[in-house]
There are 2 protein chains.
Amino acid sequence: MYIEHIVKAMTNNPLLKSAAVEKSSHLEYFNIAVSVDCVIFGYEDKELKVLLIQSDLEEFSGLYSLLGDLVKPDEDLDAASYRVLKDRTGLDDVFLQQVHTFGSVNRHPSGRVVSTAYYSLVDINSHKLNIDSNDLHWHAVKGIKKLAFDHKQIIDTCIKMLREQIMEHPVVHNLLPEKFSLRALQELYEAILGTPLDRRNFRKKIALKSWLSELDELEEDVTHRPGKLHKFKTKAVKSAVSKKG
Amino acid sequence: MYIEHIVKAMTNNPLLKSAAVEKSSHLEYFNIAVSVDCVIFGYEDKELKVLLIQSDLEEFSGLYSLLGDLVKPDEDLDAASYRVLKDRTGLDDVFLQQVHTFGSVNRHPSGRVVSTAYYSLVDINSHKLNIDSNDLHWHAVKGIKKLAFDHKQIIDTCIKMLREQIMEHPVVHNLLPEKFSLRALQELYEAILGTPLDRRNFRKKIALKSWLSELDELEEDVTHRPGKLHKFKTKAVKSAVSKKG
DNA sequence: TCAAAAGTGTTTTTCTTACACCCATGA
DNA sequence: TCATGGGTGTAAGAAAAACACTTTTGA
């Protein structure tokens, strides 16, 4: 169920309208809906992408929006973001990072919705990935200009936080296959940061983090000298998921 | 009006109860209240302090809590935090930083409340400061052990963010009188960071920021060699307030 | 003249950046 | 043998940390 549907239904609901007219001083405090929006990043063709859905609000016809939903009364805020991710992608072993809460009165045309933004990083080519709708598409972040609601601003805020976090914590581990070359990792970092990196300095910096273990395997199907494959240490990844340690 | 009062009133409201029992699938999404909690920091006696209020919820009798309130339906989230600050302290020229949104189902004993935490820094000795209630008191952060709700965790989260921000932006300007010595500034930083700093390195670092202008005045009423007084440049402070630039 | 803090520079270490050559592989 | 990226080390510069002595003031 899309957030737009629900909110539209709510604001069209005569029961609710009359309650609003009543302006019961207690009830009116419940006239704010709480939602989560998930900025689900992926990585493909050396580009950072984000999973968007065609908006079905009239006001935003032709525009895309983030994946979100209203938070259920008996559901933790964080749990709501996991649910959205799970329902939309089938993935459930992914970390979500709360970024910011957007609460302007007029950010949603159909009613008052305060929304907490989370970002997540998933493997576009994971066999577990199971996108639930034809309306869902991966969009290159660089090409995104206008989105429904304030979702462009939400993405920008999330990218900013993502950029701050990738050098501190191995959060990107889901964006690559299990085994990858250092070049692939560097290209990923360059895509996220939007800037080229020096190869030797990058390798030094990554080596210092001790996030990776080097395998006794080489790249295959490359037309040049194959690089050694690496993988993220389970330990490093677990601490990234739980507390970015 | 305290948030506790409102929520208590709401959960005791028979109108609301029946609505909840009805479980109208639309209405139930409004059963989440949205609030803000303000972590208002001050500085006195070389200690970082925070403004707390005695909780009047039975469940938390004897405990203190943060200043917060429900967000009004026609009020921006940020505006709600400014309103709480203004109503409680009389101050309105202060910057507030959103930190995190806390949304566990059971964080509030009387009902579902999702709360966005903000921190702010105010001058305890400002003549504008006008604390509106005898239940409000400044508490040394170091001595705080247990608070109502999850407010201890909220404070800890805000302190962490504050510590990250003070070296990047001149956010602390409200914690000192207009004119102050570099020693006073350093003691403030030490109180916030909880660690001693090297005097020469601290001065070098602050000088590089170009936040301060040196005045042709000296400290008075000190029993030792008086230091030069400084003040924050209006420019630096304004950019800190608006976008921490 | 003493106590207390002001004021000030240099050295060391650490981190960051810039930079170039030979190597292994497949086409 | 060529094109492509793999793999590696060092020197210079910038930032951070450690560290001590002289000066000014009031008591």
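Letters go in sequence order (proteins before strands), and every chain restarts at 1. Below, each value reflects all heavy atoms present in this structure, side chains not excepted, and no hydrogens, waters or symmetry copies.
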Item to complete: Tell me whether the OP1 or OP2 atom of dG7(C) has a side-chain N or O from R203(B) closer than 4.0 Å.
Response: yes
Worksheet item: Do any N or O atoms from the side chain of Q97(A) and from the backbone of Y119(A) form a donor-acceptor pair under 3.5 angstrom?
Response: no
Worksheet item: Rounding to a whole Å, what distance do you find between H224(B):NE2 and dT22(D):C1'?
Response: 17 Å
Fill in: Interatomic distance where CD1 belongs to I206(B) and C1' belongs to dT8(C) [whole Å]
17 Å
Discussion item. What is the distance, to the nearest angstrom, from the CZ atom on R183(B) to the P atom on dA5(C)?
Written reply: 7 Å
Worksheet, complete the sentence: Ranking dA6(C), dT25(D), dG6(D) by distance to the side chain of R199(B), first place goes to dA6(C)
Item to complete: Give K204(B) one of three labels, base, sugar-phosphate or nothing, depending on what nucleic acid heavy atoms sit under 4.0 Å from its own.
Response: base
Discussion item. Taking side-chain contact (heavy atoms from CB on, under 4.5 Å) as the criterion, tell me which of V122(B), D123(B), I124(B), I192(B) meets it with L175(B).
Written reply: I192(B)
Item to complete: Quickly work out the N201(A) CG to dT8(D) P distance and round it to whole Å.
Response: 14 Å
Discussion item. If I take atom CG in residue L218(B) and atom C1' in nucleotide dT24(D), what distance separates them, rounded to the nearest angstrom?
Written reply: 10 Å
Discussion item. Looking only at the aromatic ring of each residue, does the gap between the centers of Y189(A) and Y43(A) stay below 6.0 angstrom?
Written reply: no
Worksheet item: Phosphate oxygens OP1/OP2 of dG26(C): is one of them under 4.0 Å from a side-chain N or O of R225(A)?
Response: no
Item to complete: Verify the neighbour count for atom NZ of K228(A): are there more than 12 heavy atoms of other residues, nucleotides or ligands below 6.0 Å?
Response: no
Worksheet, complete the sentence: From CD of E219(B) across to P of dT25(D) the rounded distance in Å is 12 Å
Discussion item. Angle between ring planes, F180(B) versus F232(B), binned at 30° and 60°: parallel, tilted or perpendicular?
Written reply: tilted
Practice prompt. Hey, which sits more toward the 5' end of DNA chain C by its nearest nucleotide, T223(B) or H230(B)?
Written response: T223(B)
Worksheet item: Expressed in angstrom and rounded to an integer, what is the separation of L229(A) atom CG from dA24(C) atom P?
Response: 18 Å
Discussion item. So, does R200(B) get its side chain near the phosphate of dG7(C), meaning an N or O under 4.0 Å from OP1 or OP2?
Written reply: no
Worksheet entry | d(NZ, K209(B); C1', dA16(D)) in whole Å | 12 Å
